[in-house]
A.B. asks: 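This structure is in structure tokens; I'll ask about it shortly.
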Amino acid sequence: MANLIDGKKISAEVKARAAADAAALKEQGIPVGLAVVIVGDDPASRVYVNSKKKACALCGIDSYEYALPADTSEAELLALVEQLNGDSRVSGILVQLPLPKQIDEHRIINAIDPKKDVDAFHPVNVGKIMIGDFDFLPCTPSGCMELIDSTGIDIAGKNCVVIGRSNIVGKPMAMLLLHRSGTVTICHSKTKDLAEITRRADILVAAVGKPRFVTADMVKEGAVVIDVGVNRLPDGKLCGDVDFDAVKEKASWITPVPGGVGPMTIATLMCNTVTAARLQAEKA
Ligand code: NAP
């Protein structure tokens with residue numbers, strides 16, 4: 001029976017650290033603020049934005065919400081990003097994705113000042129992560145690393161398997177495990193014999209977006225299992241990418257959904273905002 005990795009508890013510790021750091025910066029007169037931009041009225045995006053604002057309030061970080069209508073043009077959003085890049089109260093800029101189809105996400109991300117890119121999606125920050133010399137880490141993979149570290153297990157030399165190769169989760173997750181000397185395999189929808197690969201994983205990270213996709217027969221006895229997936233079931237309940245009830249009988253450590261990776265993503269965002277504020281003050 002696996003030990004539960006308690007993302008709620010660990011994220012509270014991370015947020016407390018961010019709050020202490022934010023208070024110390026503010027005492028020196030350095031503003032610590034997060035601009036959150038939401039375009040349209042996607043209910044899931046609204047929930048995420050509200051959670052981020054709540055976390056800011058808890059950590060003593062000023063938050064500035066910019067809620068734009070769904071028919072906002074790309075030029076209008078670019079103009080707002082430009083304005084926020086130049087706003088000294090704003091340490092970090094977060095544009096909630098997905099964006100309406102008339103707006104090119106890449107153009108918007110590329111327009112954010114890399115020093116304010118607290119999601120670490122800008123190509124400059126992605127490149128820095130690749131070479132291991134980074135200011136910010138992408139929030140979800142970084143949160144997953146904290147959860148793995150909380151188990152006390154040394155990643156070096158472990159077989160690490162990441163299912164999913166998205167730019168925001170799978171790829172950076174694999175890179176962070178590699179930086180810590182894991183032996184990393186990335187799987188995706190074209191991977192052959194997936195279960196045969198996942199059964200070799202000492203550390204298995206699922207970022208697929210399919211409810212209960214990872215079944216017990218895909219998991220090695222004693223593996224650490226990190227479930228990034230957030231899937232809404234027809235009855236409205238949330239569930240991860242891992243068949244939690246069956247897999248917990250085999251894993252040594254496992255994250256629940258909800259209460260695992262999700263809270264860590266927001267906690268890391270708070271840390272990144274504080275880091276952004278510090279970096280901008282140092283370079284001013
Ligand atoms: P995504 O962009 O849709 O990527 C999903 C990945 O899964 C793709 O690389 C896809 O492969 C792969 N995949 C799909 N079917 C597969 C199969 N049958 N076998 C193996 N691989 C398969 O999703 P994402 O943005 O990375 O997010 C993944 C999940 O994490 C979602 O549930 C999302 O809601 C959740 N999420 C949670 C948080 C959090 O804070 N907890 C944050 C971000 C995302 P291809 O590349 O070949 O298509």
Side-chain angles (χ1 to χ4, degrees), residues 5-8 10-12 14-15 36 42-52 54-55 94-99 105-106 109 118-121 126 129 136-148 160-177 184-201 204-215 217-219 225-234 236-244 254-272:
I5 307 178
D6 187 346
K8 270 194 192 159
I10 299 165
S11 67
V14 174
K15 280 189 280 195
V36 184
D42 176 55
S45 292
R46 174 43 66 195
V47 170
Y48 288 132
V49 164
N50 288 349
S51 316
K52 287 163 187 173
K54 207 170 135 197
L94 184 142
V95 178
Q96 186 64 45
L97 303 178
L99 291 168
E105 266 175 30
H106 293 291
I109 290 168
V118 283
D119 262 335
F121 291 166
V126 174
I129 291 159
F136 310 110
L137 289 177
C139 298
T140 301
S142 173
C144 292
M145 294 300 282
E146 290 248 10
L147 294 178
I148 296 168
C160 305
V161 175
V162 180
I163 319 177
R165 57 173 165 179
S166 69
N167 288 333
I168 63 168
V169 189
K171 280 186 212 162
M173 184 71 228
M175 202 48 61
L176 298 191
L177 289 163
V184 184
T185 307
I186 308 175
C187 300
H188 46 76
S189 65
K190 304 288 185 293
T191 298
K192 303 261 188 294
D193 300 326
L194 178 67
E196 193 261 322
I197 298 168
T198 57
R199 272 197 293 273
R200 281 190 260 134
L204 179 61
V205 181
V208 190
K210 294 193 170 161
R212 304 191 183 113
F213 178 80
V214 176
T215 47
D217 62 305
M218 296 168 73
V219 176
V225 179
I226 306 292
D227 189 351
V228 182
V230 180
N231 307 294
R232 184 78 57 189
L233 296 172
K237 285 192 183 140
L238 284 185
C239 105
D241 289 345
V242 174
D243 182 359
F244 181 85
I254 189 167
T255 60
V257 177
V261 174
M264 293 303 293
T265 298
I266 293 182
T268 310
L269 176 68
M270 298 301 108
C271 293
N272 283 354

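Positions are given from 1 along the sequence. We count ligands from 1, going down the list as the structure has it; atoms in each ligand are counted the same way.
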A.B. asks: Applying salt bridge (Lys or Arg N to Asp or Glu O under 4.0 Å) as the test, list every pair that has at least one member in residues 137-147; sequence neighbours left out.
C.D. replies: R17-E146

A.B. asks: List by chain and number: which residues place a heavy atom under 4.0 Å from ligand 1?
C.D. replies: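 Shell around ligand 1 (4.0 Å, heavy atoms): T140, I163, G164, R165, S166, I168, V169, H188, S189, L194, A207, V208, G209, K210, F213, V228, G229, V230, N231, V261, G262, T265.
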
A.B. asks: For K171, what residues pass the side-chain hydrogen bond (donor to acceptor under 3.5 Å, both in side chains) criterion, not counting sequence neighbours?
C.D. replies: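 Here the qualifying residues are N167.
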
A.B. asks: Taking only distance into account, with no hydrogens and no angle test, what donor-acceptor pairs under 3.5 Å do side-chain atoms of residues 189-198 form with protein atoms, sequence neighbours excluded?
C.D. replies:
from: T191; atom 1: OG1; to: H188; atom 2: N; distance (Å): 2.7
from: T191; atom 1: OG1; to: H188; atom 2: O; distance (Å): 3.0
from: E196; atom 1: OE2; to: R200; atom 2: NE; distance (Å): 3.4
from: E196; atom 1: OE2; to: R200; atom 2: NH2; distance (Å): 3.3
from: T198; atom 1: OG1; to: L194; atom 2: O; distance (Å): 3.4
from: T198; atom 1: OG1; to: A195; atom 2: O; distance (Å): 3.1
from: T198; atom 1: OG1; to: M218; atom 2: O; distance (Å): 2.7

A.B. asks: Using 0.5 Å steps for rounding, measure from the CE atom of M270 to the NZ atom of K52.
C.D. replies: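 So the CE of M270 and the NZ of K52 are separated by 8.5 Å.
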
A.B. asks: If we check side-chain contact (heavy atoms from CB on, under 4.5 Å) with V228, which of these qualifies: T140, V242, T255, V208?
C.D. replies: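 Checked T140, V242, T255, V208 against V228; only one passes side-chain contact (heavy atoms from CB on, under 4.5 Å): T140.
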
A.B. asks: Below 4.5 Å, heavy atoms only, C-beta onward: do R199 and V219 meet side chain to side chain?
C.D. replies: no

